[in-house]
Number of protein chains: 2
Amino acid sequence: MNTLEKVQKSLTHFSKSERKVAEVILSSPQTAIHSSIATLAKMADVSEPTVNRFCRRLDTKGFPDFKLHLAQSLANGTPYVSRHVEEDDSPDSYTTKIFESSMASLDTARQSIDTTAINKAVDVLTQAKKISFFGLGASASVAHDAQNKFFRFNVPVISFDDVLMQRMSCINSNEGDVVVLISHTGRTKSLIDIAKLARENGAAVIGITARNSPLSTVCTLPVTMEVPEDTDMYLPMASRLAQLVIIDVLATGFTLRRGPRFRENLKRVKEVLKESRIDKDPIL
Amino acid sequence: MNTLEKVQKSLTHFSKSERKVAEVILSSPQTAIHSSIATLAKMADVSEPTVNRFCRRLDTKGFPDFKLHLAQSLANGTPYVSRHVEEDDSPDSYTTKIFESSMASLDTARQSIDTTAINKAVDVLTQAKKISFFGLGASASVAHDAQNKFFRFNVPVISFDDVLMQRMSCINSNEGDVVVLISHTGRTKSLIDIAKLARENGAAVIGITARNSPLSTVCTLPVTMEVPEDTDMYLPMASRLAQLVIIDVLATGFTLRRGPRFRENLKRVKEVLKESRIDKDPIL
DNA sequence: AATAGTAATGTAGTTTTATTATATTTTTGT
DNA sequence: ACAAAAATATAATAAAACTACATTACTATT
């Protein structure tokens, strides 16, 4: 709970002098956080240790710590919290909500990611003879994006959003090939089949999917994460953002592993793209 | 401005030692606010007065005051700050950096968006006879994603990532059709041509692009935003995330405008998708 | 390349601030 | 009214922050 609210709510539980302190703080929290313990004590007409005890009673380490907590509760901007869009939200309101929910989801996703898996995936990718990215539905565009990115690395890379093409491609895969499967739920039947198919043909299978999902168990290397349920709009939103950022992370890991000379290459690719533009300017 | 952002932005203006202090704070602001000046100085491997000078340089009265400000900015808006990936970053470190940079970019994007334009775009989209999404390169996958989303709305929707197909499609467009063009820079020649072509044929042209870019000027309805330069990896990252979220916003606006009965439809689409899955579970 | 000047950083001492230990007062219950 | 307990204050101690000044590291100029 917010510290200021806590002071307010505990008002009755305080002793006489402590209440004096609370009153002073409530009447002007801004002053409180900028005062020393001595000043505050004088304002409340109590002794310094009383103020100190007051702070500890509110589960803080002492006066400076209490000020910190108080300062935070004064800056009462609810940080990125996932909020549902309501029927009568204004454009301004639902825009903000969707952006903030997206950010909040990325945050939870980040916290749930196993960087050891990331590192292994980068290992595998850097050594790949051929990389394929497969996804279906909303995840197909993530695969598409991944293809675009790795294509710049000058590695053989494929992406199909057609189930049959995906199957065919997997049947032709060999030892040294890497198949990256993208699925939010990790329950899409055909993708699970494809994972098995690829393994049977000796390819390494990286799965960007949910922890403990069926897909994650059939992959040779699952890169799992937890993404909060998509909002009440019946559309996939947060999940694919997190997937895209994972792709970014893998791509970045890839370039880091390849070293500085490799990045010169990328620069060249970027230069070439400039010619399709009206002016000097970065990426597409 | 938010103190944490300020630290980030002033990085270049700092002296060598002050930068060390800044890095320590940025890498773990939570630790910073709970440390004494001595501890922080030791962590940054500088002297205490250096930390003090650092604080004053950021327009605070001193170290305790700085901590207060920092605490507020942590509670307040942007806990995420864009940081560059370094050559020798660990997987854990670059993963965090990329996620946080992504979130920070979304935040700046959000702040720069004109919700009036969003609202108009939703207007136009809901009345469209046919919707086309076009992008090239990294923006192509955004277009692809948009198609997937609007397809569920049961509206005629197209997406091509081939320039010629895009042209042909525009030539055949009519009054009442809507063309959505996606480009981070807004300088891609062929997309600008396409915008003109579509207008000549009476279509409404929505441009998801940079403010004041050539593309934004030829659209009938530019939905512009500012996305901080992509990181020093020569790859498009933040920009397309913001574009995707804009798509989400437009899609959400669309369903809101269509009312509750329409959302029943979406639910049905979702139900159907379940059959392709191993178990009960949401979206792809 | 040497040197004066300037900026940056660190050392050590000083002041301020917070905390602890203990004494005093107030409250409460019998 | 008095003892016991709780609350509060005083004074001493410890911790933290700050200041003045010394040293070092740069920059530019000859």
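Naming: A, B, ... by sequence-line order, numbering from 1 per chain.
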Closer than 4.0 Å, any side-chain N/O of A:T50 to the OP1 or OP2 of D:dT8?
-> no
Phosphate OP1/OP2 of D:dT8 contacted by A:S15 side-chain N/O (<4.0 Å) | yes
N-O pairing of A:K120 and A:D114 below 4.0 Å = no
Please determine, by modelled atom types, if A:T39 and A:S36 share a side-chain donor-acceptor pair under 3.5 angstrom.
-> yes
Enclosure of A:R19 CZ (heavy-atom neighbours >12, cutoff 6.0 Å) | yes
Specify the residue among B:A38 and B:K16 whose closest nucleotide of DNA chain D lies further upstream toward the 5′ end.
-> B:A38
So, do A:R53 and A:P49 sit near enough that their side-chain heavy atoms are less than 4.5 Å apart?
-> yes
Once you round it to whole Å, what is the distance between [atom2] of [N] and [atom1] of [X]?
{"X": "A:R57", "N": "D:dA6", "atom1": "CZ", "atom2": "P", "answer": "12 Å"}
{"X": "A:L40", "N": "D:dA9", "atom1": "CG", "atom2": "P", "answer": "13 Å"}
{"X": "B:I37", "N": "D:dA17", "atom1": "CD1", "atom2": "P", "answer": "6 Å"}
{"X": "A:R53", "N": "D:dA9", "atom1": "CZ", "atom2": "P", "answer": "8 Å"}
{"X": "B:D65", "N": "D:dA16", "atom1": "CG", "atom2": "P", "answer": "19 Å"}
{"X": "A:E18", "N": "D:dA6", "atom1": "CD", "atom2": "P", "answer": "14 Å"}
{"X": "A:K42", "N": "D:dA9", "atom1": "NZ", "atom2": "P", "answer": "14 Å"}
{"X": "B:E48", "N": "D:dA15", "atom1": "CD", "atom2": "P", "answer": "14 Å"}

Hey, is the main chain of A:S216 close enough, under 3.5 Å, to the side chain of A:S213 for a donor-acceptor pair?
-> yes
Do B:S183 side-chain atoms and B:T209 backbone N/O form a donor-acceptor pair below 3.5 Å?
-> no
Name the nucleic acid region contacted by A:V46, choosing base, sugar-phosphate or nothing; use a 4.0 angstrom heavy-atom cut-off, strictly under.
-> sugar-phosphate
Leading and trailing nucleotides of DNA chain C with any atom under 4.0 Å from heavy atoms of chain B = C:dA8 to C:dT11
Consider the side chain of B:P49, meaning its heavy atoms from C-beta on, and name the nucleotide among D:dT19, D:dC18, D:dT8 that approaches it most closely.
-> D:dT19
Taking D:dC18, D:dA9, D:dA17 as options, the one with an atom nearest any side-chain atom of B:N52 is D:dC18
What class does the angle between the rings of B:F14 and B:F54 fall in, given that below 30° is parallel, 30 to 60° is tilted and above 60° is perpendicular?
-> tilted
To the nearest 0.5 Å, atom CD1 of B:I208 lies from atom CD1 of B:I247 at 4.0 Å
Going from OG1 on B:T224 to CG on B:L215, what distance comes out if it is rounded to the nearest 0.5 angstrom?
-> 11.0 Å
End-to-end axis angle, where each axis spans five pairs of the helix from C:dA1-D:dT30 to C:dT30-D:dA1, to 10° = 20°
